[in-house]
2 protein chains.
Amino acid sequence: MRDSNTDLRVIRTRESIRNALVELIEEKGFEAISVKDITTRAKINRGTFYAHYQDKFDLMTKCEEEIMLEMSRIAKQNFPSVIAALETNSPTVTPFPLVVSVFEYLNENSGFMKAVLGPKGDLSFQTRLKDFMWKTMFGNNSEALVKEENLLVPGQYLASYISSAHIGVIQQWLNSGRKESPQEMARILSTITANGPMFAAGLKK
Amino acid sequence: MRDSNTDLRVIRTRESIRNALVELIEEKGFEAISVKDITTRAKINRGTFYAHYQDKFDLMTKCEEEIMLEMSRIAKQNFPSVIAALETNSPTVTPFPLVVSVFEYLNENSGFMKAVLGPKGDLSFQTRLKDFMWKTMFGNNSEALVKEENLLVPGQYLASYISSAHIGVIQQWLNSGRKESPQEMARILSTITANGPMFAAGLKK
DNA sequence: TGAAATAAACAACAGGTTGTTCGTTATTAT
DNA sequence: ATAATAACGAACAACCTGTTGTTTATTTCA
């Protein structure tokens with residue numbers, strides 16, 4: 001069996017489809033896009049599209065899965081250092097390496113990420129991203145980062161708070177032109193999360 | 001000219017349209033809904049729908065505007081007490097009355113709010129809601145709650161962080177069956193926001 | 001290099017949704 | 001009671017969808 005992933009025609013077609021998708025999401029929003037829009041923009045036949053994807057949702061899902069897979073890889077890679085930093089109980093404001101890595105990855109894929117996380121993007125992806133962060137924080141894999149018995153508030157709300165907040169900041173960064181470096185963004189997020197929004201606002205202590 | 005807003009037929013039709021909308025959003029998601037779905041569920045003629053709304057987006061917008069208007073009214077009403085609480089600089093963990101009022105309002109309109117803020121809801125509404133919270137915090141009306149010169153992080157990211165976090169917690173509350181009272185939710189949000197997520201997680205101090 | 005494999009292009013289809021416009025029926029407000 | 005009008009049913013052209021069958025162009029390997 002020939003490997004269709006190395007066929008130059010296949011690669012070219014898929015790339016132009018995905019570029020068209022990103023453009024169209026930013027222009028009219030994912031839900032308003034038709035398959036015809038995509039194929040017209042990508043300059044391919046509509047039948048060719050259906051040879052690669054079931055429909056626009058299938059296309060979207062496959063693009064998103066690649067992102068999630070890579071995020072998961074980054075998380076696993078940086079997990080040991082995060083656990084170590086927490087156990088030393090150091091009052092470090094040093095941006096966690098994990099957060100820096102994530103922002104560097106977002107920076108590389110900013111075209112797609114901006115579109116899909118933007119105001120006309122795909123809500124279900126945001127939901128999955130939050131679930132992913134939730135599991136990363138409270139996940140049962142090995143020792144959980146956070147222990148339920150020490151919480152001052154219900155765990156589900158704390159997880160929602162943190163993951164929503166972080167995604168919100170990422171969205172703002174992508175939409176305002178990514179002027180800050182990944183390191184600076186990690187510092188911002190760490191400052192707010194470690195000391196609290198009120199402290200970061202200069203309204204406390 | 002007769003007032004079409006008091007005609008019983010009009011009221012009845014609009015109500016059944018909106019009930020159908022809420023049901024269908026929770027079932028299949030806003031984007032997947034067709035006008036035909038709505039009219040079939042509402043048991044009205046399709047032509048009648050177009051006599052009231054331009055399309056499904058127009059319907060959605062009009063429903064959302066009512067919500068935003070009422071939220072704005074609640075915010076304005078509770079503004080004085082929030083400013084007073086901040087100026088006394090009291091380390092109060094008392095849930096701000098504003099937050100309690102908002103949760104009480106969300107509780108009353110939980111059907112629509114759960115649908116529209118849920119995983120199959122309307123992303124543009126979330127965006128507008130964040131903008132609204134942003135303006136409420138940094139708004140130029142009278143004295144702003146937060147002053148730019150005291151911030152430890154850029155204002156735009158702090159605002160994104162806080163508003164996204166709060167909406168995230170609201171979504172979690174709506175989706176998990178609203179088991180906590182509005183007062184309890186206000187306490188949870190105040191605890192995390194005042195002392196920071198790390199503190200609320202039992203990982204600090 | 002030449003033949004086999006296969007991706008892409010093209011065209012035509014049935015089925016569904018959209019937004020609009022008729023004349024008709026039923027309900028409402030006064 | 002009656003004039004006003006909301007809602008109805010039916011029909012319409014236009015569009016998008018997803019599928020199928022055929023032809024053309026490119027790639028791969030013997």
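Keep in mind that this is a model prediction, so the values were computed, not measured. Chain A is the first sequence line, chain B the second, and so forth, proteins listed ahead of strands; every chain is numbered from 1.
- A distance of 9.0 Å separates CG of B/N175 from OG1 of A/T127, quoted to the nearest 0.5 Å.
- The distance between atom CG of B/L8 and atom P of D/dT5, rounded to the nearest whole Å, is 16 Å.
- Toward the 5' end of DNA chain D, the nearer of the two residues B/H52 and A/R12, judged by each one's closest nucleotide, is B/H52.
- In this structure, the side chain to side chain donor-acceptor pair (under 3.5 Å) partners of A/R128, at least two apart in sequence or on a different chain, are A/E64, A/S124.
- Side-chain rings of B/F199 and A/F199 stay apart, their centers remaining 6.0 Å or farther from each other.
- Both cation-pi conditions hold for A/K56 and A/F30: the charged atom is under 6.0 angstrom from the six-membered ring centre and inside a 45 degree cone around its axis.
- Other residues, nucleotides and ligands contribute more than 12 heavy atoms inside 6.0 Å of the NZ atom of A/K28.
- As a whole-Å value, the separation of B/F49 CZ from C/dT18 P is 9 Å.
- Remark: A/S34 is in phosphate contact with D/dT17, judged by side-chain N or O atoms under 4.0 Å from OP1 or OP2.
- Rounded to an integer number of Å, the gap from CD of B/E15 to C1' of D/dA6 is 17 Å.
- Whole-Å rounding puts the B/I17 CD1 to D/dC8 C1' distance at 14 Å.
- For the pair A/K36 NZ and D/dC15 C1', the interatomic distance rounds to 8 Å; values are reported in whole Å.
- Both B/I44 and A/D37 lie close to DNA chain D; mapped to their nearest nucleotides by heavy-atom distance, the more 5′-ward contact belongs to B/I44.
- In this structure, CD1 of B/I11 is placed 14 Å from C1' of C/dT27, rounded to the nearest angstrom.
- For the pair A/F57 CZ and D/dG18 P, the computed distance is 8 Å after rounding to whole Å.
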(message) Does the protein touch nucleotides 19-26 of chain C at the base, only the backbone, or not at all? Give it as B, S and - per nucleotide, heavy atoms under 4.0 Å.
(response) BB-----B

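- Of the possible polar contacts, none joining the A/K62 side chain to the A/F57 backbone as a donor-acceptor pair under 3.5 Å is found.
- Taking atom CD on B/E31 and atom P on C/dT17, their separation rounds to 16 Å, with Å as the unit.
- Under 3.5 Å, the side chains of A/H166 and B/S164 contain no donor-acceptor pair of N or O atoms.
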